[in-house]
Amino acid sequence: MPTNTCLNLFSYPNTNNKDRVGQIKHTDTGTLMLLFSRDPGLEIQSPKQGTWCAVPPVEGHIVVNVCDTLRYLSSDRFYSSIHRVLPVFREGQQHRHVVGYFFRAENDAEMRDSDGKTITVSQWHDQKYNTYKTPESAKNLRLC
Ligand SMILES: O=C(O)CCC(=O)C(=O)O
Ligand SMILES: [Fe+2]
């Protein structure tokens, strides 16, 4: 059965322009995301206080991110983490490099979203990614 599981290589330009954003706040669509990074910039939002907290890279460690599908399949036992990427200027560096492995369930797998609606994994994925198409539509991004 096909899935949208993928390995993504990211390269963010190094900048000290505070108006630039690496990635706006979002949750990931799949089950788990493994993030391999030596560069700072990732932040997660506390679900209770709403405050942002840096996730600094730690030598020999990776970040494991819970994503939407795991939230739905676990009936909210696990929550998908709300996160964003900010530019962190680093002297002498050209880019911020990150590798993300996005585990995604089978496209036809069904789950119940937070409105109680039954939706397939690929429908959820496509619906969410359509909101990124323009900066205007991204303002309405449904997080989870
Ligand atoms: O660049 C990062 O640190 C995180 C990337 C990310 O959140 C994503 O691609 O969904
Ligand atoms: Fe993400």
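Order of listing sets the numbers, starting from 1, for every ligand and every atom in it.
With sequence neighbours excluded, no residue forms a salt bridge (Lys or Arg N to Asp or Glu O under 4.0 Å) with D19.
For the side chain to side chain donor-acceptor pair (under 3.5 Å) criterion with S81, the lone passing option out of T27, N65, D28 is N65. Across I62, L7, L34, a single residue satisfies side chain to side chain contact (heavy atoms under 4.5 Å, CB included) together with V99, and that is L7.
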>> Test side chain to side chain contact (heavy atoms under 4.5 Å, CB included) on R71 and F78; report intermediate values, then the result.
In response: CA-CA 5 Å; R71 175 187 171 185; F78 301 105; 5.7 Å; no
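Counted by atom type alone, H95 and D39 present zero donor-acceptor pairs between their side chains at under 3.5 Å.
A donor-acceptor contact shorter than 3.5 Å is absent between the side chain of H125 and the backbone of Q123. Judged purely by atom type and a 3.5 angstrom limit, D113 uses its side chain to pair as donor or acceptor with the backbone of D115.
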For a distance cut-off of 3.5 Å, show me each N or O of ligand 1 paired with any protein N or O, plus the separation.
residue	atom	partner	partner atom	Å
ligand 1	1 (O)	Y12	OH	2.5
ligand 1	1 (O)	R96	NH1	2.9
ligand 1	3 (O)	R96	NH1	3.4
ligand 1	3 (O)	R96	NH2	2.8
ligand 1	7 (O)	H26	NE2	3.2
ligand 1	7 (O)	H83	NE2	3.0
ligand 1	9 (O)	Q23	NE2	3.0
ligand 1	10 (O)	H26	NE2	3.1
ligand 1	10 (O)	D28	OD1	3.0

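Protein atoms that are N, O or S and lie under 2.8 Å from the Fe ion (ligand 2) are these: H26 NE2, D28 OD1, H83 NE2.
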Atom pairs and distances, side-chain donor-acceptor, residues 101-110, under 3.5 Å, sequence neighbours left out:
residue	atom	partner	partner atom	Å
R104	NE	T29	OG1	3.3
R104	NH1	N4	O	2.9

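When side chains are defined from C-beta on, Y12 does not count as touching R20, because their heavy atoms never get closer than 4.5 Å.
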